Amino acid sequence: MKSKFVFFSIIILLLFSNKILADDKALAGADFEYGQHLSGECVTCHNSTGLGQGIPKITGMKTAVFIKKILAYKTKEKKNAVMQMVADRLGEEEINSLALYLSKTK
Amino acid sequence: MAKITRRSFVGIMAASTTALSMPSIAFGALPRVVVIGGGAGGATAAKYIAKDSKGAVDVTLVEASKRYYTCFFSNLYLGDFRNYGSIGHNYYGLAVNHGVNMVHEWASSVNGAEKKVYLGSGATVSYDKLVISPGIDLKFNSVNGYSPEAQSIMPHAWKSGTQVQLLKNQVKGMKKGGTFVMVPPPNPYRCPPGPYERISMIAHQFKKTNPTAKIVVLDPKNKFSKQGLFMEGWQKHYPGMIEWISADTHGGIKKINTSTMEFETDLDTFKADAASVIPAQHAGRIAMNAGVNKGDWCPIVPTSMQSQADENIYVLGDASIAKSMPKSGFSANSQAKVAANHIRGSLTGSKVFAPRFANTCWSLVATNDGIKVGANYDAKPDKINKTSGFISKTGEDSNLRKATYEESIGWYSGITSDMFS
Ligand SMILES: Cc1cc2nc3c(=O)[nH]c(=O)nc-3n(C[C@H](O)[C@H](O)[C@H](O)COP(=O)(O)OP(=O)(O)OC[C@H]3O[C@@H](n4cnc5c(N)ncnc54)[C@H](O)[C@@H]3O)c2cc1C
């Protein structure tokens, strides 16, 4: 289930680059309110004021960029134990909701 | 519409501090949440309920201190990686940005049947939902010879603030080549790696200013959090300085004497030139007064953080029994968001999402040598359950350790801004 989603998303990323994902409508199951709720988990470390040192700012990030990064943590291609663990339990709906919320938040 | 009125109204209320003497009718039909304790759990809960309800819930935070000194990074202050001012935070942001009513008083008791909190001044505050996040209190008599008076001689420094300043002065003033004795607490206690990070930071301080000093650790346990990582780091950065003695080896601390600075064990009597004793702990006293404890800690419903004893009371952070989640600021912050979502849902009908818990604890062993341990948790009906986790590895390269330390700085700035701004 999980790996199927990862595989599918990677294929999409490879084939269509940023085009489809940049469009909010393509974010299956994305829910702004759910994204906002889930982002509570992010802002424990990612400074909500954007003044992060040692940890990058994620608010205002383009949806495609966010999704690409999270998937790279999921596949362990990007190395960071905390982020791999965070990404590990995010499903498609969660990732898309977060992408939507973060992209629209300063 | 209600948003703006509510926010400016509360702003004035907070500034004039007359909130308590106002007749309750002034708040109209707004549901009321009272939070006791403005630390990692309570400040986060108060903020999220106020922020996300956008004025639909009246939130009052009862916190004894006007300035919260974090326990997290207090060890880094001991090692000169932070100054004291940088670990202190105020509640201005909660009042001004989110309309939280700040009441700087001790809560002295709770009447669950009448849904009232009694304050030290004699005033009362009514609630529909109460959050209790008071942290810990110490069992001074768990170490024979230790007492509230002894804390000024052998500081525990386990609740941050002036105790940590005192400990730092004693470390820096210790005679050259002297012995520092440290007694960590027995399980369960706040911040499992905390005592060992403290040992690392004191060693770091000695290495600079008193390199022939010794540190003797008389542990009531036989193993501890991140042990392999700490031991490796001590060997590497402070060879020969730290002697960790397990419970089985010393056979138990029979008695400590604060006038002769002696620690009597089966193995030997150790004489200290300076010392830190961290006794056993229990949930903050107000949780006991509220009757939501079972023994030393408070059982909760894992899906919501509601007390098992009273569905209108939520217990967060160190005071709760969150099985398998360690007592940490990160955990308390994570639990607060689950509780805030649940409280708002039950008072305003807003969406309640499935609970998700997480924790990561960073520790600093030496300059640019950071380590970390973390886990995800989910809520089973009977307990909070670990679902996955990681821990730093021994022998990691120095770039990774440096990045881990830098990450911890980012986390500190993140969590304190999440709590207070
Ligand atoms: C040395 C040390 C290092 C640590 N390092 C880390 C770390 O790196 N990472 C991490 O995640 N955690 C760390 N911790 C643990 C962390 O500090 C605690 O787990 C966390 O603060 C718990 O949050 P809490 O809300 O339960 O309690 P607290 O944060 O202690 O907050 C409780 C608040 O309630 C107030 N209060 C209590 N009773 C009353 C009352 N009756 N009326 C009014 N106010 C009241 C207190 O004044 C206090 O402000 C460390 C702890 C120590 C001691």
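Just so it is clear, the values below take in all heavy atoms, side chains as well, and ignore hydrogens, waters and symmetry mates. Given the structure is predicted, the values throughout are model-derived calculations rather than measurements. Letters A, B, ... are given to chains in the order of the sequence lines, protein chains preceding strands, and every chain is numbered from 1.
Closest heavy-atom contact between A:I55 and B:G410: CD1-C, 3.7 Å. The minimum heavy-atom distance between B:A358 and A:R89, with the atom names listed, is CB-NH2, 3.7 Å. Considering every non-hydrogen atom in both A:M85 and B:G389, the closest pair reads SD-CA, 4.0 Å.
In this structure the side chain of A:Q36 reaches within 4.5 angstrom of the side chain of B:D52, judged on heavy atoms.
When each of B:N341, B:T416, B:I391 is scored by its heavy-atom pairs under 4.5 Å with chain A, the top score falls to B:N341. Per-residue heavy-atom pair counts under 4.5 Å with chain A were compared for B:Y48, B:Y412, B:W411, B:F353, and the maximum is reached by B:F353.
For A:K62, the NZ atom is loosely surrounded, since the number of other residues' heavy atoms within 6.0 Å does not exceed 12. Within a 6.0 Å sphere centred on CZ of A:F32, heavy atoms belonging to other residues, nucleotides or ligands number more than 12.
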Evaluate side chain to side chain contact (heavy atoms under 4.5 Å, CB included) for A:K79 paired with B:L400, printing each intermediate quantity in order.
-> CA-CA 10 Å; A:K79 305 254 173 282; B:L400 178 54; over 6 Å; no

Would you sort out whether B:R356 and A:E94 count as a side chain to side chain contact (heavy atoms under 4.5 Å, CB included), showing the intermediate values?
-> CA-CA 12 Å; B:R356 312 161 69 84; A:E94 280 89 18; 4.1 Å; yes

Could you give me the CA-CA distance, side-chain angles and deciding distance for B:F390 and A:N80, then say whether side chain to side chain contact (heavy atoms under 4.5 Å, CB included) is met?
-> CA-CA 10 Å; B:F390 69 86; A:N80 180 298; over 6 Å; no

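We find that A:E41 and B:K337 are not joined by a salt bridge, their nearest charged nitrogen and carboxylate oxygen being 4.0 Å or further apart.
Looking at B:T360, the atoms closer than 4.5 Å to chain A (heavy atoms on both sides) all sit in the side chain, from C-beta outward. Neither the backbone nor the side chain of A:Q84 comes within contact range of chain B; no heavy atoms are under 4.5 Å apart. In this structure, no portion of B:Y405 lies under 4.5 Å from any heavy atom of chain A.
Near-neighbour residues of residues 368-379 of chain B relative to chain A, defined by a heavy atom under 4.5 Å from a heavy atom of that chain, comprise B:K372, B:G374, B:A375, B:N376, B:Y377.
Here B:S350 contributes atom OG and A:H37 contributes atom NE2; the two are 10.0 Å apart, rounded to the nearest 0.5 Å. Atom OG1 of A:T44 and atom CG of B:N333 lie 4.0 Å apart (nearest 0.5 Å).
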